[in-house]
Amino acid sequence: MTDASPAASDAASVPLIVGADHGPRPGESRVDADLVEGLNPPQREAVTYRGKALLIVAGAGSGKTRVLTHRIASLLRTREAWPSQILAITFTNKAAGEMRERVEQLIGDRARGMWISTFHSACVRILRREAEQFGFTRAFTIYDSGDSRALIKRLVKEHEADAFGLTPAAVQSKISKLKNELADAESYARQANMSDPAERVFVEVFGDYQRALQRANAFDFDDLIAQTVYLFRAFPTVADVYRRRFRHILVDEYQDTNHAQYALIHELTRPPGADAEPVDGGGGMMIWDAEPAEGDAASLTVVGDSDQSIYAFRGADIRNISEFERDFPGAKVVLLEQNYRSTQNILSAANAVIGNNFDRKEKKLWTDVGAGEQIVGFTGYSQHDEAQFVADEIERLHRDGLDYSQIAVFYRTNSQSRALEEIFIRAALPYKIMGGTKFYERAEIKDALAYLIAVANPADEMAVRRILNKPRRGIGEVTATAIARYAADEQITFRDALANASALGVGPKIQAAITQLDAVIAEASDLMLPRSGEIAPPTVVAEGLQLLLNRSGYSDALRASRDPQDEARLENLDELVAVAREFARNNPEGTVIDFLTEVALVADADDLDDASGSVSLMTLHTAKGLEYDAVFLTGVEEDLIPHRISAGEPGGPQEERRLFYVGITRARKRLYLSLAMTRAQFGEVTVAMPSRFLQEIPAELLHWRQSPGDVNSRGGTRSRALNSRGGSSRGGGGGRYGDDLAPLGRREPKAGLEKFTNRIPSKVRDNGDMVLAPGDRIRHDDFGEGRIDTLTGEGAKRVAHVRFDAVGPKKLLVKIAPIEKIG
DNA sequence: CCCAAGTGCCCACTT
DNA sequence: GGCACTTGGG
């Protein structure tokens, strides 16, 4: 950062925004006793410290949310700050909601007016206010990754960029990375190697992309942050408005901030007036000019834990937190190490695992609640087996009195949820998939939203193009191009060109269709866009949406369809209308723009509290910040965690370890680590190996119900089975299995099947080199008799396609299916 | 311009 | 094993 050398920055100083009639009284920094009661000394310090910069290094479960909320509450209660002077940034909307709630619990209505939101939401608020300053309108659209991908795809095609090896995905990710670094097409071009044709084309696409966004009056996700930074840098007086307003800035999950977010925080914590033209006018006339507040930077509190940094893939820069003290000389650092969440066994496992990351500040979580249960390990034969174990164990926990809502199942990749779901449905276990809500990504929902955007932001050509032929109106690519050309010739927007269908030189039928579409959008606009001065009734968004869907024929087309899926699509649209109604209830003055903002930014909105009574399923990333009595960490396999793709990336395996660490530390009382020996991927069965992270857990902490060695073993390897407590010998590799990771394919039939007394023993087997041919009859333990149709794959992956007499066709992995040849 | 059938590619994580 | 995109015939 640049010089943060506020003249006044000693600890007790109080922000000095004193309005004429209201404002906090300076000089009070008493913190009410109840706000520090029950806090340990470092927590207390983190709540009461008053200085310009505070870093709270908060280990997992160390009560950081409590500290943050109490800190905010104390600032408000002592009147050191008004709510409107507080900006608290959280990582998710959900976390923001919870924080607001908890502050309100502490101090009631006084909390109203705080900005507690994500980076993205905060930036949208700022950008909507200031959009006119730099060529946008406050009705701008927010493009999600799908939207920008569609746009980039078109541009890549136009530039024939794929000829240079530039795929849309690669271009998108490169642009995103650059924006997170605050680079734009021009600045990138200046330092790019422009003799490389691929670079030249990329720069062109990047530039076109940005111009297209501008023309569409739209920002992509990354722009929301970056453009706010540009705005502040280009318009110091605008920046000063927010610098004067936000006197206390608090940032949660600071380890996951990227450079743009870091820069934004720095812009906001610069002393106001430092780089502004002195606003003239004789002095004293400015709203915010009550004080010699010039030169007084806002106070900054950041909370984070570098061991939980898991978003490097989207530009998170761990240095933001590790170099905080250098960025903010004189910063206070408070370390929270006492854990109030988990048992010592869980913490010891977590400490042991994360200790393998080099280049980290030593930090050891501890608790005084005692050792607790051992961690339970289980190796399933397949992912279904593994899921069955999870389901059975959950049922047992539930029978023992644990509520479903206190149980969570984590996995590395979203695709792993399928097997779990299948088993859970069969077991009638109530579950809910958190995050990963694809609701707003469904085609019909995106279509409906595009209709709304066509009304709210007619400049957004992408949205209008999207609905042009939905439902089918006979308007294809040719017609769309004609419209675009006409719009360009006449210097009007694509949307306005629809009003002049007769001038397009298209057939009468298509003309009529265009005119009809234009009329529907116009009618909805009349309804939904409040005339100046008027405030539309809150129901107007839901009504307008309904109108658009009905009058456009969209709903009718789905109703008339014979595709059974279209019924579900209709239901989804009904749900969207219901969301709009709910939105109106919560935001009586909410406009269609506000509604679109919410659905664009709140992807996981649905999981606020309706997970009650259900087991929660989610990715490890989604799990961050949450906690459960019992946690199942599934798919603990090489290539999954650490993920295959991470292996080649610098810092990849370390980040994967942190992810694993995050998963472990979510558990309060019980932790289960499970894996499968085989896993179906891309419709093909592959052999899995135990994750290297498993051997980083001290053997005495982990009790294997069924170890990889148990499933895998045959004579001679058992003693080296992974941390095997069941194994008779622990000699040799000391429980390590580093050289014992050969896929089970090469195993021979083994002795000692009787040892698998715990679960599904009949399925744990190895058929060795059973030779099968099409036409052979076999008997399966569960499916009965059947006949082999075909065989595919080789070796351990050899698959038999079998038609069973009783249950029909099935695919079986020959190597290990519980089958025998008959006849 | 629309549809059905075929093929290629893919599945990291998210605001 | 599933989706997105292409292709060829109405």
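Lettering of chains follows the sequences in order, A, B, ..., and the numbering in each one begins at 1.
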Practice item. Evaluate the ring planes of Phe136(A) and Phe219(A), with Trp represented by its six-membered ring, and classify them as parallel (under 30°), tilted (30 to 60°) or perpendicular (over 60°). Key: parallel
Practice item. Give the ring-plane orientation class for Tyr242(A) versus Phe232(A), where under 30° counts as parallel, over 60° as perpendicular and anything between as tilted. Key: tilted
To the nearest Å, how far apart are [X] [atom1] and [N] [atom2]?
| X | N | atom1 | atom2 | result |
| --- | --- | --- | --- | --- |
| Asp223(A) | dT15(B) | CG | P | 18 Å |
| Tyr311(A) | dT14(B) | OH | P | 6 Å |
| Arg679(A) | dA12(B) | CZ | C1' | 14 Å |

Tabulated below should be each protein N or O lying under 3.5 Å from an N or O of nucleotides 8-11 of chain B; please produce it.
{"unit_1": "dC11(B)", "atom_1": "O2", "unit_2": "Ser415(A)", "atom_2": "OG", "d": "3.3"}

Point to revise | Pairing of Arg658(A) and Glu655(A) as salt bridge, 4.0 angstrom limit | key: yes
Check your understanding: Does a side-chain N-to-carboxylate-O contact under 4.0 Å join Glu637(A) and Arg412(A)?
Key -> no
Practice item. Go through the side-chain N and O atoms of Glu253(A) and Gln255(A) and say whether any donor and acceptor fall under 3.5 Å apart. Key: yes
Practice item. Report yes if the side chains of Gln172(A) and Ser145(A) come closer than 4.5 Å at any heavy-atom pair, otherwise no. Key: yes
Exercise for review: List the steps, then state whether ring-ring contact (aromatic ring centres under 6.0 Å, His included) holds for Phe693(A) with Tyr661(A).
Suggested key: CA-CA 10 Å; Phe693(A) 299 149; Tyr661(A) 172 81; over 10 Å; no
Point to revise | Asn457(A) (side chain) donor-acceptor with Ala216(A) (main chain) under 3.5 angstrom | key: yes
Review point. dT6(C) and dC11(B): how far apart are their C1' atoms, nearest whole angstrom?
Key: 22 Å
Practice item. Could you run through DNA chain B and flag its stems, i.e. three or more consecutive Watson-Crick or G-U pairs with both distances under 3.5 Å? Key: B:1-10 with C:1-10
Point to revise | Arg314(A), nearest nucleotide to its side chain (from dA12(B), dT14(B), dC2(B)) | key: dT14(B)
Review point. With sugar-phosphate meaning primed atoms plus P, OP1 and OP2, does Ser121(A) contact a base, only sugar-phosphate, or nothing at under 4.0 Å between heavy atoms?
Key: nothing
Review point. Is a donor-acceptor contact shorter than 3.5 angstrom present between the side chain of Arg412(A) and the base of dC13(B)?
Key: yes
